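Worksheet: one structure, shown below.
FYI, the numbering just counts along the sequence from 1. Keep in mind that this is a model prediction, so the values were computed, not measured. All ligand and atom numbering here is 1-based and tracks the order in the structure.
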Amino acid sequence: MKNAVRIAALALLISVLSCFVIGSVDGTVVFNGTNQCPYNIIVCYTDSAATSASIFAAAGGSVAVQSPDPQVSLASAQIWAYPGSNVSLSDCVSAKPQADLAEFTINSSNNTDFYLISNVNAYNFGITINPQGNDSCPTPSCSIPNITNFCQEPNFLTGPLGDGCYNTAGSNVSPTPGTMAFANACPDAVSYLTDVTGKIFACPTGHNYEVVFSCS
Ligand SMILES: *[C@@H]1O[C@H](CO)[C@@H](O)[C@H](O)[C@H]1NC(C)=O
Ligand SMILES: *[C@@H]1O[C@H](CO)[C@@H](O)[C@H](O)[C@H]1NC(C)=O
Ligand SMILES: *[C@@H]1O[C@H](CO)[C@@H](O)[C@H](O)[C@H]1NC(C)=O
Ligand SMILES: *[C@@H]1O[C@H](CO)[C@@H](O)[C@H](O)[C@H]1NC(C)=O
Ligand SMILES: *[C@@H]1O[C@H](CO)[C@@H](O)[C@H](O)[C@H]1NC(C)=O
Ligand SMILES: *[C@@H]1O[C@H](CO)[C@@H](O)[C@H](O)[C@H]1NC(C)=O
């Protein structure tokens, strides 16, 4: 199990760095995006099977984020969001560096999925990852009450499209005062590239996942 966690951590780091395809397995996973904010958001999705999606989620609504073609192998997926109503894949790409991410590796080893919340780029929405159909699987959560108040130097508010707090030292491999601010606000979430101890969660393969976006 220790090995499996280490392999998953490495895979996630590689996917964060360069979106490499890691391992593969046939299967379909439905990622459900729920918008708890009082305004519309765009839910963005990308995976190692080269599927991308930009999906409108009305205030208070939920969407079934495009699941990969069952014929295509799915190894990893990332989900994030930005405020707005216009679906646009290129806006999703632009907003990604200004957003926190929900990240998944599916059946990464031994019929186990691994998932995490990453503030390595930035934070813009509260995220809770809610595995469906198994109450024993952990539900990590990150929510920062007042982003304006939270976002102090060397971190900074990005403005549109993501309207996030940029994590200036997120790509570092050791903690800094800037990344510690993220770690303290969100102990469940990865705050810099190798900050993975206790922040990678596991659930047996075969479940769908709800990603809840919230606003303060
Ligand atoms: C794989 O899963 C089985 C059943 O849960 C467990 O007994 C075994 O130790 C696991 N192997 C590894 C390498 O994690
Ligand atoms: C998403 O999941 C939630 C919680 O299980 C459910 O209430 C909602 O109907 C789902 N939405 C979609 C579009 O599947
Ligand atoms: C959304 O799309 C409409 C119609 O194309 C455009 O007028 C508007 O400026 C867009 N809004 C944003 C925030 O991009
Ligand atoms: C996970 O992958 C293994 C091979 O690596 C495969 O035998 C197994 O059926 C897969 N599990 C699920 C639930 O898809
Ligand atoms: C958030 O923090 C800012 C700066 O400290 C403050 O001006 C604002 O009133 C706060 N907003 C809320 C909703 O508490
Ligand atoms: C639910 O998840 C727990 C924790 O990962 C696991 O031990 C258990 O086998 C799972 N149950 C089912 C029915 O998948």
**Item:** Gln132 N/O under 3.5 Å from ligand 2 N/O
**Value:** yes
**Request:** May I ask you to list the atoms of ligand 4 that are less than 4.0 angstrom from any heavy atom of Thr205?
**Result:**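 Ligand 4 atoms under the 4.0 Å threshold to Thr205: 12 (C), 13 (C).
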**Message:** Which of the numbered atoms in ligand 4 are under 4.0 angstrom from any heavy atom belonging to Asn111?
**Reply:**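 Per the distance check, 1 (C), 8 (C), 10 (C), 11 (N), 12 (C), 13 (C).
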**Prompt:** Can you say whether the rings of Phe213 and Phe125 are parallel (under 30°), tilted (30 to 60°) or perpendicular (over 60°)?
**Reply:** perpendicular
Which heavy atom of the protein is the closest neighbour of [atom], given with residue, atom name and distance?
atom                   : answer
atom 9 (O) of ligand 2 : Ser62 OG, 4.1 Å
atom 1 (C) of ligand 2 : Asn32 ND2, 1.5 Å
atom 2 (O) of ligand 5 : Asn146 ND2, 2.4 Å

**Prompt:** From atom 11 (N) of ligand 2, is the closest protein heavy-atom distance below 4.0 Å?
**Reply:** yes
**Message:** Is atom 5 (O) of ligand 5 touching the protein, meaning some protein heavy atom lies under 4.0 Å away?
**Reply:** yes
**Phe56 vs Ile42, side-chain contact (heavy atoms from CB on, under 4.5 Å): CA-CA, chis, key distance, verdict** = CA-CA 5 Å; Phe56 173 78; Ile42 302 298; 4.3 Å; yes
**Prompt:** If every non-hydrogen atom of Ala81 is compared with every non-hydrogen atom of Ala99, which pair is closest and at what distance?
**Reply:**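 Between these two residues, the closest heavy atoms are O-CB, 4.0 Å.
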**Request:** List the steps and the verdict of ring pair (Phe, Tyr, Trp, His ring centres under 6.0 Å) for Phe104 and Phe114.
**Result:** CA-CA 6 Å; Phe104 300 85; Phe114 294 102; over 10 Å; no
**Message:** Under the criterion side-chain contact (heavy atoms from CB on, under 4.5 Å), I'd like the reasoning laid out for Asn130 against Val211: C-alpha separation, chi angles, the key distance, then a yes or no.
**Reply:** CA-CA 6 Å; Asn130 201 358; Val211 177; over 6 Å; no
**Prompt:** Is there a side-chain contact (heavy atoms from CB on, under 4.5 Å) between Asn155 and Tyr166 once you walk through the steps?
**Reply:** CA-CA 6 Å; Asn155 304 319; Tyr166 188 74; 5.9 Å; no
**Request:** Go through the steps to decide whether Thr34 and Glu210 satisfy the test side chain to side chain donor-acceptor pair (under 3.5 Å), and finish with yes or no.
**Result:** CA-CA 7 Å; Thr34 298; Glu210 181 188 25; 2.6 Å; yes
**Message:** Residue-level breakdown please: for Val63 versus ligand 2, do any non-hydrogen atoms fall below 4.0 Å on the side chain, on the backbone, on both, or on neither?
**Reply:** backbone
**Asked** Do ligand 4 and Asn107 have nitrogen or oxygen atoms that lie under 3.5 Å from each other?
**Response**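 Yes; at least one N/O pair falls below 3.5 Å.
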